[in-house]
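Here the structure comes first, spelled out in structure tokens, and everything after it is commentary.
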Amino acid sequence: MPVIRLCAAWLALLALQGAQAATPAAAADTMTARVAACTACHGKEGRATSDGYFPRIAGKPAGYLFHQLVNFRDGRRQYRPMTHLLDHLSDDYLREIAEHFAALEVPYPPPAKPGLAPAVLAQGRTLVLKGDAARDIPACVRCHGDAMTGVAPAIPGLLGLPRDYLNSQLGAWQTGQRHAAAPDCMAKITAKLTSTDITAVAAWLAAQPVPVPSKAVERSALAQPLPTDCGGVQ
């Protein structure tokens with residue numbers, strides 16, 4: 001993380017902790033105060049930042065955002081500033097923050113140019129849209145929706161995310177640095193991917209424009225049931 005942005009995150013965290021410790025007369029418990037530490041890293045209104053490692057949180061399904069906050073707090077995801085920020089916050093408090101960001105509708109920037117060979121992008125497109133039956137890898141769209149904007153209440157969209165972030169998160173699942181509630185379907189799927197697969201999938205997804213509307217669809221909109229059990233979406 002760039003030093004300036006890390007300092008901004010810690011300053012926002014200290015400000016939030018100070019507001020929580022102050023008397024009600026000194027600092028009101030407003031949503032603006034609650035999310036100050038979030039937007040210090042994730043950008044204004046949770047739109048994401050240009051450095052590629054702080055993802056957009058605006059408009060993500062509330063259930064997904066809530067699960068990720070809990071996962072950071074409880075150690076299933078590892079990132080010290082997030083863990084320290086959330087360590088003593090209740091489920092109800094985190095749920096309100098998740099619902100706040102989920103309700104935001106702000107525009108997406110145009111996608112970045114991929115800068116990779118057409119064959120690599122074609123490999124990524126195939127894995128996202130069709131999967132690989134020979135290796136028992138389901139298509140990404142089977143869980144994340146045909147438009148890849150996510151499935152409410154707990155499956156995130158895959159578009160509008162930086163390639164570096166997608167690469168890092170797929171790699172984190174593959175190496176066991178990121179976990180979800182059991183059964184951890186993403187850990188099982190990424191274990192079957194090669195490094196080239198991950199590069200291709202991340203590059204192709206990051207190069208796609210986000211459709212309008214960009215909100216997650218309802219579970220009933222999926223043409224087929226989920227291809228595997230996922231504890232994080234129950």
Side-chain angles (χ1 to χ4, degrees), residues 1 5-6 8-21 27 29-49 51-106 143-144 149-158 160-162 165-166 168-173 176-187 190 214-216 219 230-234:
M1 180 193 301
R5 193 164 297 281
L6 179 59
W10 279 110
L11 287 172
L13 171 57
L14 291 173
L16 179 59
Q17 290 175 331
Q20 291 171 335
D29 180 17
T30 65
M31 187 55 68
T32 299
R34 290 189 186 192
V35 303
C38 308
T39 55
C41 286
H42 291 274
K44 181 182 178 183
E45 299 176 299
R47 295 173 183 240
T49 62
D51 57 30
Y53 288 100
F54 294 110
R56 179 188 177 102
I57 52 179
K60 295 293 183 185
Y64 172 76
L65 293 174
F66 171 69
H67 286 160
Q68 301 320 301
L69 291 169
V70 171
N71 286 345
F72 276 117
R73 184 193 66 189
D74 296 350
R76 285 184 288 271
R77 292 189 68 173
Q78 303 294 324
Y79 183 57
R80 188 182 173 201
M82 284 291 292
T83 301
H84 188 68
L85 171 65
L86 304 171
D87 194 32
H88 300 293
L89 300 182
S90 69
D91 284 2
D92 288 343
Y93 193 100
L94 297 181
R95 190 174 283 107
E96 288 185 39
I97 292 176
E99 291 171 352
H100 164 77
F101 282 109
L104 297 179
E105 296 188 32
V106 292
C143 292
H144 295 269
T149 56
V151 178
I155 302 177
L158 298 177
L161 292 167
Y165 177 77
L166 291 166
S168 67
Q169 297 310 301
L170 290 170
W173 256 306
Q177 293 176 307
R178 179 172 177 176
H179 303 275
D184 191 341
C185 53
M186 281 300 299
T190 56
S214 61
K215 283 288 189 180
R219 184 80 169 265
C230 289
V233 303
Q234 299 304 321

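Index from 1, following the sequence.
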Looking only at non-hydrogen atoms, find the nearest pair between Glu45 and Ala58 and report the distance.
O-CB, 3.2 Å
Expected output: side-chain Thr39 to main-chain Gly46 donor-acceptor under 3.5 Å
no
Rounded to the nearest 0.5 Å, how far apart are CD of Gln177 and CD of Gln169?
9.5 Å
Only counting residues at least two apart or in another chain, list the ones meeting disulfide (SG to SG under 2.5 Å) with Cys185.
Cys230
Quick check for you: to the nearest 0.5 Å, what is the distance between Leu161 atom CG and Leu166 atom CG?
5.0 Å
Hey, is the main chain of Gly157 close enough, under 3.5 Å, to the side chain of Lys60 for a donor-acceptor pair?
yes
Within this structure, what is the CG-CD distance for the pair Asn71 and Gln78, rounded to the nearest 0.5 Å?
10.5 Å
Quick check: closest heavy atoms across Thr149 and Ser214, and the distance to 0.1 Å?
CB-O, 3.5 Å
State whether the side chain of His67 and the backbone N or O of Gly232 hold a donor-acceptor pair below 3.5 Å, judged by distance alone.
yes
Applying salt bridge (Lys or Arg N to Asp or Glu O under 4.0 Å), can you list everything that pairs with Arg77, at least two apart in sequence or on another chain?
none
May I ask you to test the Asp29-Tyr93 pair for a side-chain heavy-atom distance under 4.5 Å?
yes
Rounded to the nearest 0.5 Å, how far apart are CG of Asp87 and CZ of Arg73?
9.0 Å
Between His144 (side chain) and Ile155 (backbone), is there a donor-acceptor pair under 3.5 Å?
no
What pair of heavy atoms forms the shortest contact from Phe66 to Asp91, and how long is it?
CE1-O, 3.3 Å
Would you check if Met82 and Leu69 make a side-chain contact, meaning some heavy-atom pair closer than 4.5 Å?
yes
Mind checking what makes side-chain contact (heavy atoms from CB on, under 4.5 Å) contact with Asp184, not counting sequence neighbours?
Trp173, His179, Ala180, Met186, Ala187
Which distance, rounded to the nearest 0.5 Å, do you find between the CZ of Phe101 and the CZ of Arg56?
11.5 Å
Between Pro61 and Ala102, what is the shortest heavy-atom contact and its length?
C-CB, 4.2 Å
Measuring from Ile57:CD1 to His100:NE2, what's the distance to the nearest 0.5 Å?
8.0 Å
Give the minimum heavy-atom separation between Tyr53 and Tyr165, together with the two atoms involved.
O-CD1, 3.7 Å
